[in-house]
Amino acid sequence: DIIVVGSINMDLVVRVQRHPLPGETLLGSDYQTFPGGKGANQAVAAARAGGSVRMIGCLGSDSFGAQLLEGLLQDGIDTHWIKRVEGPSGVAFIVVNAQGQNSIIVAPGSNYRLLPEDLKAEVFRGAKVILLQLEVPLPTVLEAARRGKEAGTTVILNAAPARSLSADALHDVDLLVVNEFEAGIVLEQKAPQGIEEALAAAQSLRERVSSVVITLGAEGCVWADTSGQGYVPAFQVQPVDTTAAGDAFVGMLASRLAKGEALAPALRWASAAGALATTQEGAQPSLPTEAEVESFLAG
Ligand code: ADP
């Protein structure tokens, strides 16, 4: 089983010609809501990738809370341990201009009420992989990692959104997955550019965590672990929307590792999932299934 401890949001998306100035009112169009949040996206990605997934998160008492819960259930995710609290669920306000650039405000809402004491030991029993991101309070993330380690699972941290992390924070993490920008922040240095610099950054991160993957968008990804290091090129596709490529990648990686696959072959599947996610609009709607990735890999 894969346990995801993380955020669940509703994304509220509206299109405008240009971003509004302070005090200004603009008319938008095509308002839409989409289930999102890195935790939920990666849980859905892992479930579609063939994993058996349990989601630990916190939803509010608003109608978004009920809708988001229902969506996770429809993807076959075990929602039994999701906490409900009085008040709003997490939302992201996304404004997209005519050039396709977005500005985003995240109101974490109930996500910030997922506390270390909500993580019961029994939840972690029998799990193969724990998958974490940084959209719920850091003490909760660290407690989940500690519990996961204690239960003998593989603890994966996707350190997004970017923030600096003490060596202590990575103590219970087995595999760190970051993009080049996040790698720079964690290392407190300039973001690596290109494959050579990314491999060097991965080796620096290896001083704090045993396995590292750095994703490089359309360039692919690099990895380093106790067995060595390597580069996995990206698959050539026609991208229409790169939202959630990272989430598709991480979810597929968790699912393959939970099946006992080694890191390098698992990264090939993850790269295919990331590439396929860019060929469709939206976050969760674009997350591919195991069968879709399998036929893509078969060419
Ligand atoms: P994030 O969204 O977290 O920044 P990346 O953009 O690095 O993540 O994407 C994660 C992975 O998805 C990449 O390592 C790559 O394998 C795949 N990917 C992302 N963008 C593309 C693209 N334009 N073409 C092909 N594959 C892509």
Side-chain angles (χ1 to χ4, degrees), residues 4 6-7 9 11 34 36-46 48-49 92 94 100-102 104 106 131-135 156-163 165 175-187 191-199 201-202 205 211-224 229-257 263-289 292-293 296-297 299:
V4 180
S7 59
N9 286 338
D11 293 347
F34 300 101
K38 289 181 196 297
N41 288 350
Q42 291 179 18
V44 169
R48 292 197 192 150
I94 305 177
Q101 290 170 310
N102 52 27
I104 304 178
V106 175
L131 181 51
L132 307 165
Q133 314 78 22
L134 299 175
E135 282 187 337
I156 306 176
L157 173 63
N158 173 220
R163 58 167 289 164
L165 292 170
L175 169 61
L176 178 69
V177 184
V178 285
N179 64 21
E180 60 266 67
F181 173 69
E182 292 147 5
I185 304 248
V186 173
L187 285 167
Q193 279 190 342
I195 297 154
E196 289 311 313
E197 284 186 24
L199 282 168
L205 287 167
S211 305
V212 177
V213 172
I214 302 180
T215 65
L216 309 168
E219 264 199 282
C221 68
V222 300
W223 60 272
Q229 62 174 36
Y231 164 63
V232 181
F235 290 90
Q236 291 277 329
V237 289
Q238 293 288 332
V240 296
D241 176 6
T242 58
T243 313
D247 292 334
F249 180 98
V250 173
M252 177 57 82
L253 183 59
S255 168
R256 302 302 297 185
L257 294 178
L263 184 58
L267 285 173
R268 210 174 139 258
W269 281 76
S271 303
L276 280 176
T278 70
T279 62
Q280 284 182 56
E281 303 256 0
Q284 289 183 19
S286 74
L287 298 168
T289 63
E292 284 165 348
V293 172
F296 177 78
L297 285 172

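Whatever order the structure lists them in is the order used to number ligands and atoms, beginning at 1.
The ligand atoms of ligand 1 that sit less than 4.0 angstrom from a heavy atom of Thr278 are 20 (N), 21 (C). Counting atoms of ligand 1 from 1 in the listed order, those under 4.0 Å from a heavy atom of Ala234 are 25 (C), 26 (N). Listed by atom number, the atoms of ligand 1 under 4.0 Å from Ser271 heavy atoms are 16 (O).
At a heavy-atom distance under 4.0 Å, no atom of Phe181 approaches ligand 1. Contacts with ligand 1 closer than 4.0 Å are made by side-chain heavy atoms of Pro239 only, the backbone lying farther away. The side chain of Val237, and not its backbone, has at least one atom closer than 4.0 Å to an atom of ligand 1 (non-hydrogen atoms only; side chain from C-beta on). Using a 4.0 Å cut-off between heavy atoms, Thr215 contacts ligand 1 through both its backbone and its side chain.
Closest to atom 2 (O) of ligand 1 among all protein heavy atoms lies Gly246 N, 3.5 Å. When only non-hydrogen protein atoms are considered, atom 11 (C) of ligand 1 lies nearest to Phe249 CD1, 3.6 Å. Ranking protein heavy atoms by distance to atom 12 (O) of ligand 1, first place goes to Gly274 CA, 3.6 Å. In this structure, the protein non-hydrogen atom closest to atom 4 (O) of ligand 1 is Asn179 ND2, 2.9 Å. In this structure, the protein non-hydrogen atom closest to atom 25 (C) of ligand 1 is Phe235 O, 3.1 Å.
Checked by atom type and distance alone, the side chain of Arg48 pairs as donor or acceptor with a backbone atom of Leu287 at under 3.5 Å. The backbone N or O of Gly251 lies less than 3.5 Å from no partner atom in the side chain of Ser255, so there is not a single donor-acceptor pair. Proximity of a side-chain donor or acceptor of Glu197 to a complementary backbone N or O of Gly194 within less than 3.5 Å is not detected. Of the possible donor and acceptor atoms, none in the side chain of Asn158 sits under 3.5 Å from a partner among the backbone N and O of Ala160.
Annotation: Gly220 places an N or O atom under 3.5 Å from an N or O atom of ligand 1; distance criterion only.
The nearest non-hydrogen atom to atom 27 (C) of ligand 1, considering only Ala272, Ala273, Gly217, comes from Gly217. The residue among Ala275, Ala160, Ala277 with a heavy atom at the shortest distance from atom 26 (N) of ligand 1 is Ala275.
For the atom pair OG1 of Thr243 and CZ of Phe34, the computed distance is 9.5 Å after rounding to the nearest 0.5 Å.
By the 4.5 Å heavy-atom criterion applied to side chains, Glu281 and Ser286 are not counted as neighbours. Side-chain contact check for Val222 versus Gln229: every heavy-atom pair is 4.5 Å or farther apart.
Counting only N and O atoms by type, the side chains of Gln280 and Asp241 include no donor and acceptor under 3.5 Å apart. Side-chain contact annotation: Ser7 with Asn9, donor-acceptor N/O pair under 3.5 Å absent.
Summarising the local packing, OH of Tyr231 is surrounded by more than 12 heavy atoms from other residues, nucleotides or ligands at distances under 6.0 Å.
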